[in-house]
**Student:** 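One structure coming up, written as C-alpha coordinates, with questions to follow.
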Amino acid sequence: MRIRATVAAVTGALALSAFVVPAAHAADSGSSYRADVAKVLEAAHSASGKTAFTATTADDAPYALNVSFSGIKVNSGKAFAVGTTNHVAVPVTYTLTHGAEVDITAADFLTGPYLYKGSFTSPDNALFGVDPAKCTATSSTTASCKGNIDVYPAEGDLFNSDAGAWKAAGLAIAYNGQNPDSPTFDISKVGVADQGGFTSPNVQRYSKLTVNAAPEPVKKGKTITVTGKLSRANWETNKYAGYTGQSVQLQFRKKSSTTYTTVKTVKTDGTGNLKTTTTASVDGYYRYSFVGTSTTPAVKAAGDYVDVQ
(Lines give C-alpha, C1' and ligand atoms only; values in the text may rest on other atoms or scores of the structure.)
Protein backbone atom coordinates (compact mmCIF):
# COMPACT_ATOMS: atom_id res chain seq x y z
CA MET A 1 0.00 0.00 0.00
CA ARG A 2 1.21 3.44 -0.91
CA ILE A 3 2.54 6.31 1.08
CA ARG A 4 3.10 9.25 -1.25
CA ALA A 5 5.89 11.27 0.31
CA THR A 6 6.22 14.94 -0.52
CA VAL A 7 7.94 16.57 2.42
CA ALA A 8 11.13 16.17 4.39
CA ALA A 9 11.77 13.25 6.70
CA VAL A 10 11.16 12.55 10.33
CA THR A 11 13.53 10.17 12.14
CA GLY A 12 15.88 10.62 9.24
CA ALA A 13 13.40 8.87 6.96
CA LEU A 14 9.74 9.74 6.45
CA ALA A 15 7.65 12.74 7.32
CA LEU A 16 4.74 12.51 4.94
CA SER A 17 2.16 14.99 3.81
CA ALA A 18 -0.38 12.32 2.94
CA PHE A 19 -0.93 8.69 3.88
CA VAL A 20 -3.57 7.46 1.48
CA VAL A 21 -5.54 4.43 2.64
CA PRO A 22 -7.48 3.21 -0.42
CA ALA A 23 -11.22 3.19 0.11
CA ALA A 24 -11.44 -0.55 -0.54
CA HIS A 25 -9.29 -1.14 2.55
CA ALA A 26 -10.61 1.60 4.79
CA ALA A 27 -12.58 -0.89 6.88
CA ASP A 28 -9.93 -3.61 6.89
CA SER A 29 -8.29 -4.43 10.22
CA GLY A 30 -4.92 -4.27 8.50
CA SER A 31 -5.51 -0.71 7.40
CA SER A 32 -5.54 0.39 11.06
CA TYR A 33 -1.86 -0.53 11.34
CA ARG A 34 -1.01 1.65 8.42
CA ALA A 35 -3.33 4.44 9.48
CA ASP A 36 -1.90 4.52 13.01
CA VAL A 37 1.64 4.58 11.65
CA ALA A 38 0.58 7.48 9.45
CA LYS A 39 -0.78 9.41 12.41
CA VAL A 40 2.40 8.99 14.40
CA LEU A 41 4.69 10.05 11.60
CA GLU A 42 2.48 12.93 10.51
CA ALA A 43 2.10 14.12 14.09
CA ALA A 44 5.84 13.90 14.57
CA HIS A 45 6.46 16.07 11.54
CA SER A 46 3.81 18.68 12.23
CA ALA A 47 4.67 18.87 15.93
CA SER A 48 8.40 19.16 15.61
CA GLY A 49 8.69 21.14 12.41
CA LYS A 50 12.02 19.40 11.95
CA THR A 51 13.43 17.10 9.33
CA ALA A 52 14.86 14.65 11.85
CA PHE A 53 15.11 13.92 15.53
CA THR A 54 17.65 12.34 17.84
CA ALA A 55 17.71 10.90 21.33
CA THR A 56 17.32 14.47 22.63
CA THR A 57 14.09 15.12 20.76
CA ALA A 58 11.76 17.91 21.88
CA ASP A 59 8.70 17.14 23.99
CA ASP A 60 6.33 17.46 21.04
CA ALA A 61 7.95 14.73 18.93
CA PRO A 62 8.49 10.98 19.33
CA TYR A 63 11.69 9.79 20.92
CA ALA A 64 14.31 7.68 19.11
CA LEU A 65 13.51 4.06 19.83
CA ASN A 66 16.50 1.81 20.55
CA VAL A 67 15.83 -0.52 17.63
CA SER A 68 17.87 -1.28 14.53
CA PHE A 69 17.40 -3.46 11.48
CA SER A 70 19.68 -5.73 9.47
CA GLY A 71 19.53 -8.40 6.79
CA ILE A 72 16.42 -7.03 5.11
CA LYS A 73 15.64 -9.32 2.18
CA VAL A 74 12.80 -8.48 -0.19
CA ASN A 75 11.23 -11.26 -2.28
CA SER A 76 14.36 -13.41 -1.78
CA GLY A 77 16.28 -10.78 -3.73
CA LYS A 78 14.29 -11.30 -6.94
CA ALA A 79 12.63 -8.53 -8.94
CA PHE A 80 8.84 -8.63 -8.85
CA ALA A 81 6.30 -7.54 -11.44
CA VAL A 82 3.05 -5.68 -10.80
CA GLY A 83 0.18 -5.76 -13.26
CA THR A 84 -2.81 -3.45 -13.62
CA THR A 85 -5.36 -4.88 -11.20
CA ASN A 86 -4.20 -7.78 -9.02
CA HIS A 87 -2.91 -7.28 -5.49
CA VAL A 88 0.74 -8.29 -5.12
CA ALA A 89 2.03 -9.42 -1.71
CA VAL A 90 5.82 -9.27 -1.58
CA PRO A 91 7.47 -11.25 1.27
CA VAL A 92 10.18 -9.60 3.36
CA THR A 93 12.41 -11.02 6.08
CA TYR A 94 14.75 -9.15 8.41
CA THR A 95 16.47 -9.15 11.79
CA LEU A 96 15.39 -6.68 14.46
CA THR A 97 17.83 -5.78 17.24
CA HIS A 98 16.60 -3.86 20.29
CA GLY A 99 17.68 -2.59 23.66
CA ALA A 100 16.75 -4.51 26.78
CA GLU A 101 14.30 -1.73 27.68
CA VAL A 102 12.25 -2.28 24.49
CA ASP A 103 9.44 -4.81 24.84
CA ILE A 104 8.82 -6.16 21.36
CA THR A 105 6.11 -8.48 22.73
CA ALA A 106 3.93 -5.57 23.81
CA ALA A 107 0.57 -5.44 22.05
CA ASP A 108 1.23 -1.89 20.91
CA PHE A 109 4.74 -2.47 19.61
CA LEU A 110 4.59 -2.59 15.81
CA THR A 111 7.24 -3.19 13.20
CA GLY A 112 7.23 -3.68 9.46
CA PRO A 113 9.28 -3.35 6.30
CA TYR A 114 8.67 -0.85 3.54
CA LEU A 115 10.07 0.13 0.18
CA TYR A 116 10.82 3.67 -0.91
CA LYS A 117 11.58 5.24 -4.27
CA GLY A 118 14.22 7.94 -4.52
CA SER A 119 15.94 9.59 -1.57
CA PHE A 120 15.53 8.13 1.93
CA THR A 121 15.21 11.63 3.39
CA SER A 122 12.68 12.76 0.77
CA PRO A 123 11.23 9.76 -1.07
CA ASP A 124 8.99 10.05 -4.11
CA ASN A 125 6.87 7.09 -3.09
CA ALA A 126 6.76 4.37 -0.46
CA LEU A 127 5.03 1.01 -0.20
CA PHE A 128 4.08 -0.55 3.15
CA GLY A 129 2.34 -3.74 4.20
CA VAL A 130 -1.31 -3.89 5.17
CA ASP A 131 -0.35 -5.67 8.38
CA PRO A 132 2.66 -5.36 10.68
CA ALA A 133 5.39 -7.97 10.49
CA LYS A 134 5.48 -10.95 12.86
CA CYS A 135 8.67 -11.40 14.88
CA THR A 136 10.08 -14.35 16.78
CA ALA A 137 12.69 -13.69 19.46
CA THR A 138 16.02 -15.37 18.78
CA SER A 139 17.72 -13.90 21.88
CA SER A 140 16.94 -11.37 24.60
CA THR A 141 17.71 -8.51 22.20
CA THR A 142 17.17 -9.88 18.69
CA ALA A 143 14.24 -11.20 16.68
CA SER A 144 13.64 -12.73 13.29
CA CYS A 145 10.80 -10.95 11.48
CA LYS A 146 8.60 -11.70 8.47
CA GLY A 147 6.23 -9.31 6.78
CA ASN A 148 4.78 -8.29 3.44
CA ILE A 149 4.80 -5.29 1.18
CA ASP A 150 1.28 -5.01 -0.28
CA VAL A 151 0.82 -3.40 -3.67
CA TYR A 152 -2.59 -2.50 -5.13
CA PRO A 153 -2.02 -1.15 -8.65
CA ALA A 154 -5.72 -0.59 -9.33
CA GLU A 155 -5.84 1.84 -6.41
CA GLY A 156 -3.05 4.11 -7.59
CA ASP A 157 -0.16 2.71 -5.58
CA LEU A 158 2.30 3.21 -8.44
CA PHE A 159 3.14 5.61 -11.26
CA ASN A 160 4.90 4.39 -14.38
CA SER A 161 7.98 6.34 -13.34
CA ASP A 162 8.17 4.17 -10.22
CA ALA A 163 9.33 1.15 -12.24
CA GLY A 164 12.94 0.18 -11.63
CA ALA A 165 15.17 0.62 -8.60
CA TRP A 166 13.85 0.98 -5.05
CA LYS A 167 15.36 0.71 -1.58
CA ALA A 168 14.15 -1.17 1.49
CA ALA A 169 13.74 0.05 5.06
CA GLY A 170 12.54 -1.10 8.45
CA LEU A 171 10.18 0.74 10.80
CA ALA A 172 9.30 0.14 14.46
CA ILE A 173 6.92 2.04 16.73
CA ALA A 174 6.42 1.57 20.46
CA TYR A 175 3.17 3.28 21.45
CA ASN A 176 3.73 2.61 25.16
CA GLY A 177 0.02 2.78 25.92
CA GLN A 178 -0.64 5.86 23.80
CA ASN A 179 -3.69 5.82 21.55
CA PRO A 180 -3.32 7.88 18.33
CA ASP A 181 -7.13 8.34 18.28
CA SER A 182 -7.29 9.77 21.77
CA PRO A 183 -7.50 13.54 22.37
CA THR A 184 -4.86 13.05 25.09
CA PHE A 185 -2.42 11.34 22.73
CA ASP A 186 1.12 12.26 23.82
CA ILE A 187 3.53 11.76 20.94
CA SER A 188 6.54 12.37 23.15
CA LYS A 189 5.85 9.03 24.83
CA VAL A 190 5.94 7.17 21.52
CA GLY A 191 9.20 5.68 20.30
CA VAL A 192 10.05 5.44 16.60
CA ALA A 193 12.91 3.72 14.79
CA ASP A 194 13.21 4.13 11.02
CA GLN A 195 16.22 2.81 9.08
CA GLY A 196 16.70 2.73 5.32
CA GLY A 197 19.36 2.17 2.70
CA PHE A 198 18.84 -1.57 2.31
CA THR A 199 18.98 -3.28 -1.07
CA SER A 200 15.69 -4.04 -2.78
CA PRO A 201 15.03 -5.84 -6.05
CA ASN A 202 13.48 -3.82 -8.86
CA VAL A 203 9.75 -3.20 -9.09
CA GLN A 204 8.71 -4.01 -12.66
CA ARG A 205 5.75 -3.41 -14.95
CA TYR A 206 4.18 -6.79 -15.77
CA SER A 207 4.68 -7.74 -19.42
CA LYS A 208 2.75 -9.71 -22.04
CA LEU A 209 3.83 -11.05 -25.43
CA THR A 210 1.75 -12.57 -28.23
CA VAL A 211 2.56 -14.33 -31.51
CA ASN A 212 0.72 -15.42 -34.63
CA ALA A 213 2.36 -17.23 -37.54
CA ALA A 214 0.41 -17.40 -40.81
CA PRO A 215 -0.69 -18.87 -43.11
CA GLU A 216 -1.46 -22.22 -41.54
CA PRO A 217 -0.89 -24.65 -43.19
CA VAL A 218 1.79 -23.43 -45.60
CA LYS A 219 3.73 -25.01 -48.43
CA LYS A 220 7.44 -25.62 -48.00
CA GLY A 221 9.53 -22.74 -49.33
CA LYS A 222 6.69 -20.23 -49.02
CA THR A 223 6.73 -17.13 -46.81
CA ILE A 224 5.45 -17.18 -43.25
CA THR A 225 4.48 -13.87 -41.68
CA VAL A 226 4.91 -13.74 -37.92
CA THR A 227 3.12 -10.97 -36.02
CA GLY A 228 2.77 -10.23 -32.34
CA LYS A 229 2.75 -7.55 -29.67
CA LEU A 230 4.86 -6.72 -26.62
CA SER A 231 2.90 -4.84 -23.97
CA ARG A 232 3.34 -3.95 -20.33
CA ALA A 233 1.26 -2.63 -17.47
CA ASN A 234 0.49 1.07 -17.46
CA TRP A 235 -0.02 1.84 -13.77
CA GLU A 236 -1.61 5.19 -14.52
CA THR A 237 -4.38 3.94 -16.82
CA ASN A 238 -4.65 0.41 -15.39
CA LYS A 239 -4.40 -0.97 -18.90
CA TYR A 240 -1.69 -2.67 -20.95
CA ALA A 241 0.16 -0.56 -23.51
CA GLY A 242 2.68 -1.40 -26.21
CA TYR A 243 6.34 -1.40 -25.23
CA THR A 244 7.99 0.46 -28.08
CA GLY A 245 11.46 0.22 -29.60
CA GLN A 246 12.36 -3.07 -27.91
CA SER A 247 14.42 -5.88 -29.43
CA VAL A 248 12.53 -9.17 -29.45
CA GLN A 249 13.77 -12.52 -30.73
CA LEU A 250 11.78 -14.63 -33.16
CA GLN A 251 12.42 -18.25 -32.22
CA PHE A 252 11.54 -21.60 -33.77
CA ARG A 253 11.54 -25.24 -32.68
CA LYS A 254 10.88 -28.25 -34.81
CA LYS A 255 7.85 -30.39 -34.05
CA SER A 256 10.16 -33.20 -32.91
CA SER A 257 12.31 -30.96 -30.68
CA THR A 258 11.94 -29.32 -27.27
CA THR A 259 14.52 -26.60 -27.89
CA TYR A 260 13.92 -23.20 -29.45
CA THR A 261 16.58 -21.51 -31.57
CA THR A 262 16.66 -17.83 -32.50
CA VAL A 263 15.78 -17.06 -36.12
CA LYS A 264 16.20 -13.28 -36.03
CA THR A 265 15.78 -10.19 -33.86
CA VAL A 266 12.87 -7.83 -34.48
CA LYS A 267 12.10 -4.42 -32.93
CA THR A 268 8.68 -3.38 -31.72
CA ASP A 269 7.13 -0.44 -33.54
CA GLY A 270 5.55 2.70 -32.08
CA THR A 271 2.65 0.72 -30.62
CA GLY A 272 4.57 -2.35 -29.49
CA ASN A 273 3.64 -4.44 -32.52
CA LEU A 274 5.96 -6.99 -34.13
CA LYS A 275 6.01 -8.17 -37.71
CA THR A 276 8.55 -10.14 -39.75
CA THR A 277 8.75 -12.92 -42.30
CA THR A 278 10.59 -16.24 -42.60
CA THR A 279 10.65 -19.14 -45.02
CA ALA A 280 8.68 -22.32 -44.29
CA SER A 281 10.89 -25.39 -44.04
CA VAL A 282 9.54 -27.96 -41.57
CA ASP A 283 6.63 -28.36 -39.18
CA GLY A 284 7.18 -26.51 -35.92
CA TYR A 285 6.43 -23.75 -33.48
CA TYR A 286 7.21 -20.04 -33.72
CA ARG A 287 7.35 -17.71 -30.75
CA TYR A 288 8.64 -14.31 -29.74
CA SER A 289 10.96 -13.97 -26.75
CA PHE A 290 11.80 -10.78 -24.84
CA VAL A 291 14.82 -10.73 -22.49
CA GLY A 292 13.45 -7.93 -20.31
CA THR A 293 14.78 -4.62 -19.00
CA SER A 294 15.29 -3.14 -15.54
CA THR A 295 11.68 -1.90 -15.58
CA THR A 296 9.99 -4.79 -17.41
CA PRO A 297 10.41 -8.55 -16.87
CA ALA A 298 11.38 -11.10 -19.50
CA VAL A 299 8.49 -12.82 -21.23
CA LYS A 300 7.99 -15.51 -23.88
CA ALA A 301 4.94 -16.03 -26.05
CA ALA A 302 3.41 -19.49 -26.26
CA GLY A 303 4.54 -21.23 -29.45
CA ASP A 304 2.27 -21.03 -32.51
CA TYR A 305 2.33 -24.24 -34.57
CA VAL A 306 2.67 -24.14 -38.35
CA ASP A 307 2.04 -27.21 -40.50
CA VAL A 308 4.40 -27.20 -43.49
CA GLN A 309 3.20 -29.29 -46.43
Side-chain angles (χ1 to χ4, degrees), residues 73-91 151 153-154 158 160 162-166 199-309:
K73 179 147 272 189
V74 180
N75 201 41
S76 299
K78 300 176 182 178
F80 61 93
V82 179
T84 59
T85 55
N86 292 340
H87 162 229
V88 178
V90 184
V151 188
L158 295 165
N160 293 333
D162 289 333
W166 289 63
T199 299
S200 170
N202 284 9
V203 180
Q204 298 181 315
R205 296 165 64 177
Y206 192 91
S207 56
K208 295 182 178 182
L209 186 56
T210 63
V211 67
N212 182 56
E216 306 170 44
V218 64
K219 289 187 178 181
K220 185 175 181 178
K222 295 295 184 179
T223 297
I224 296 173
T225 300
V226 186
T227 57
K229 183 168 185 173
L230 174 64
S231 59
R232 60 178 179 166
N234 184 320
W235 293 327
E236 294 165 22
T237 64
N238 298 121
K239 297 178 180 180
Y240 281 84
Y243 196 9
T244 66
Q246 300 302 307
S247 295
V248 179
Q249 295 177 334
L250 174 65
Q251 298 181 331
F252 175 78
R253 73 171 175 89
K254 295 180 181 179
K255 180 181 179 180
S256 58
S257 173
T258 59
T259 303
Y260 277 92
T261 58
T262 298
V263 177
K264 62 174 70 175
T265 298
V266 186
K267 276 202 169 185
T268 57
D269 66 13
T271 56
N273 290 319
L274 294 156
K275 184 176 182 179
T276 191
T277 60
T278 188
T279 302
S281 57
V282 296
D283 294 352
Y285 298 83
Y286 289 93
R287 74 176 185 188
Y288 280 118
S289 176
F290 175 59
V291 298
T293 64
S294 62
T295 62
T296 309
V299 62
K300 294 179 175 68
D304 187 25
Y305 181 71
V306 175
D307 178 18
V308 179
Q309 299 179 344

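Predicted model only: the values in this text are computed from it and were never measured. Residue numbers start at 1 and run along the sequence shown. These values consider heavy atoms only, across backbone and side chains, with no hydrogens, waters or symmetry-generated copies.
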**Student:** Rounded to the nearest 0.5 Å, what separation is found between the CG atom of D162 and the CZ atom of R205?
**Tutor:**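 Nearest 0.5 Å value for the CG-CZ distance: 10.5 Å.
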
**Student:** By side-chain contact (heavy atoms from CB on, under 4.5 Å), which residues pair with T262, not counting sequence neighbours?
**Tutor:**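 Partners of T262 by the side-chain contact (heavy atoms from CB on, under 4.5 Å) criterion, ordered by chain and then number, come out as Q249, Q251.
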
**Student:** Counting C-beta onward and ignoring hydrogens, is there a side-chain heavy-atom pair between D304 and V226 closer than 4.5 Å?
**Tutor:**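 D304 does not reach V226 side chain to side chain.
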
**Student:** Table please: side-chain donor-acceptor pairs of residues 272-284 below 3.5 Å, with sequence neighbours left out.
**Tutor:**
| residue | atom | partner | partner atom | Å |
| --- | --- | --- | --- | --- |
| N273 | ND2 | T271 | OG1 | 2.8 |
| T276 | OG1 | K264 | NZ | 3.1 |
| D283 | OD1 | V308 | N | 2.6 |
| D283 | OD2 | Y305 | OH | 3.4 |

**Student:** Verify, without hydrogens or angle tests, whether Q204 (side chain) and A298 (backbone) share a donor-acceptor contact under 3.5 angstrom.
**Tutor:**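 No, the answer is negative, given that no donor and acceptor are paired below the 3.5 Å cut-off.
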
**Student:** Can you sort out the partners of F290 under ring-ring contact (aromatic ring centres under 6.0 Å, His included), two or more places apart, ordered by chain and number?
**Tutor:**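 If we apply the ring-ring contact (aromatic ring centres under 6.0 Å, His included) test to F290, skipping adjacent residues, the hits are Y243.
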
**Student:** Report, one line per pair, each donor and acceptor closer than 3.5 Å where one atom sits in a side chain of residues 74-82; sequence neighbours left out.
**Tutor:**
| residue | atom | partner | partner atom | Å |
| --- | --- | --- | --- | --- |
| N75 | ND2 | K78 | O | 2.9 |

**Student:** I need the full list of side chain to side chain donor-acceptor pair (under 3.5 Å) pairs touching residues 213-232, with sequence neighbours left out, sorted by first then second residue.
**Tutor:**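 Output for this query lists R232-T295, R232-T296.
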
**Student:** Considering non-hydrogen atoms only, spot the tightest contact between R287 and G303 and give its length.
**Tutor:**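 Heavy-atom minimum between the residues: CB-CA, 4.1 Å.
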
**Student:** Counting distance only, does the side-chain N/O of S207 pair as donor-acceptor with the main-chain N or O of P297 below 3.5 Å?
**Tutor:**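 Present.
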
**Student:** Ignoring hydrogens, what is the shortest heavy-atom contact between N86 and P153? Give both atom names and the distance.
**Tutor:**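 Answer, listing the atom of N86 first, then P153: O-CD, 3.3 Å.
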
**Student:** For T268 and T244, work out which heavy atoms get closest and say how close.
**Tutor:**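 Heavy-atom minimum between the residues: OG1-C, 3.2 Å.
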
**Student:** Suppose the criterion is ring-ring contact (aromatic ring centres under 6.0 Å, His included): which pairs have a residue in residues 262-281, not counting sequence neighbours?
**Tutor:**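 Qualifying pairs: none.
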
**Student:** Could you tell me which residues satisfy ring-ring contact (aromatic ring centres under 6.0 Å, His included) with F252, sequence neighbours excluded, listed by chain and number?
**Tutor:**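 With sequence neighbours excluded, F252 shows a ring-ring contact (aromatic ring centres under 6.0 Å, His included) to Y286, given in chain and number order.
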
**Student:** Would you please name every residue forming a side-chain contact (heavy atoms from CB on, under 4.5 Å) with S247, sequence neighbours left out?
**Tutor:**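 S247 satisfies side-chain contact (heavy atoms from CB on, under 4.5 Å) with T265, K267 only.
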
**Student:** Any pair with a residue in residues 211-242 that passes ring-ring contact (aromatic ring centres under 6.0 Å, His included), sequence neighbours left out, goes on the list, sorted by first then second residue, please.
**Tutor:**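 Listed once each, the pairs would be none.
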
**Student:** Please report the shortest heavy-atom distance between T84 and N238, naming the atom on each side.
**Tutor:**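 Minimum heavy-atom separation between T84 and N238: O-ND2, 3.1 Å.
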
**Student:** Partners of T237 by side-chain contact (heavy atoms from CB on, under 4.5 Å), sequence neighbours excluded?
**Tutor:**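 N234, K239.
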
**Student:** Can you name the nearest heavy-atom pair linking I224 to A213, along with the distance?
**Tutor:**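 I224 and A213 have their closest heavy atoms at CG2-CB, 4.1 Å.
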
**Student:** Mind checking side-chain contact (heavy atoms from CB on, under 4.5 Å) for A165 and listing every partner two or more places apart, or none if nothing turns up?
**Tutor:**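 Once residues adjacent in sequence are excluded, the partners of A165 under the side-chain contact (heavy atoms from CB on, under 4.5 Å) criterion are N202.
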
